[in-house]
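Working notes for the structure below.
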Amino acid sequence: MLRGLPRQVSLVLSPAGKILYVLSYGIKSAEELLKETGLSRNTLYYHLKDLINLGYVIKVGKGKYAITGKGKETLSKIIKEFSYSISSR
């Protein structure tokens, strides 16, 4: 389970969503992302590449990554949408 995130949200987040969530706590190395997201190395790098190309994540030094403002905004929308759909049941 991802730190501070309700279990229901953690379970449905895509790999990209999990990466954004972990990065919302600060700059992380690839090894930290692997450990905190539980993703495989191949899955992590596949999604990191997409997130960087979309402008949601930036590389900040050798093997370190950070979420961008655009990434934070997108993550916030994902979590709000999911929380709304759960509460409206």
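The model shown is predicted, which means the values in this text are computed figures rather than measured ones.
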So, the side chain of T37 versus the backbone of K18: is there a donor-acceptor pair under 3.5 Å, distance only?
-> no
Within the structure provided, determine whether [X] and [Y] are in side-chain contact (heavy-atom separation under 4.5 Å).
| X | Y | value |
| --- | --- | --- |
| V57 | L20 | yes |
| I67 | L51 | no |
| Y56 | K70 | yes |
| T74 | L54 | no |
| L75 | L23 | no |

Passing option when Y65 is tested against I58, I52, V60 for side chain to side chain contact (heavy atoms under 4.5 Å, CB included) | I52
NZ/NE/NH1/NH2 to OD/OE distance under 4.0 Å, K77 and E73 = yes
Atom [atom1] in [X], atom [atom2] in [Y]: separation rounded to 0.5 Å?
| X | Y | atom1 | atom2 | value |
| --- | --- | --- | --- | --- |
| E31 | K64 | CD | NZ | 11.0 Å |
| L44 | L39 | CG | CG | 6.0 Å |
| E36 | I19 | CD | CD1 | 12.0 Å |

Return each pair, listed once, that meets side-chain hydrogen bond (donor to acceptor under 3.5 Å, both in side chains) where at least one residue sits in residues 42-52; pairs must be two or more places apart or across chains.
-> S40-T43
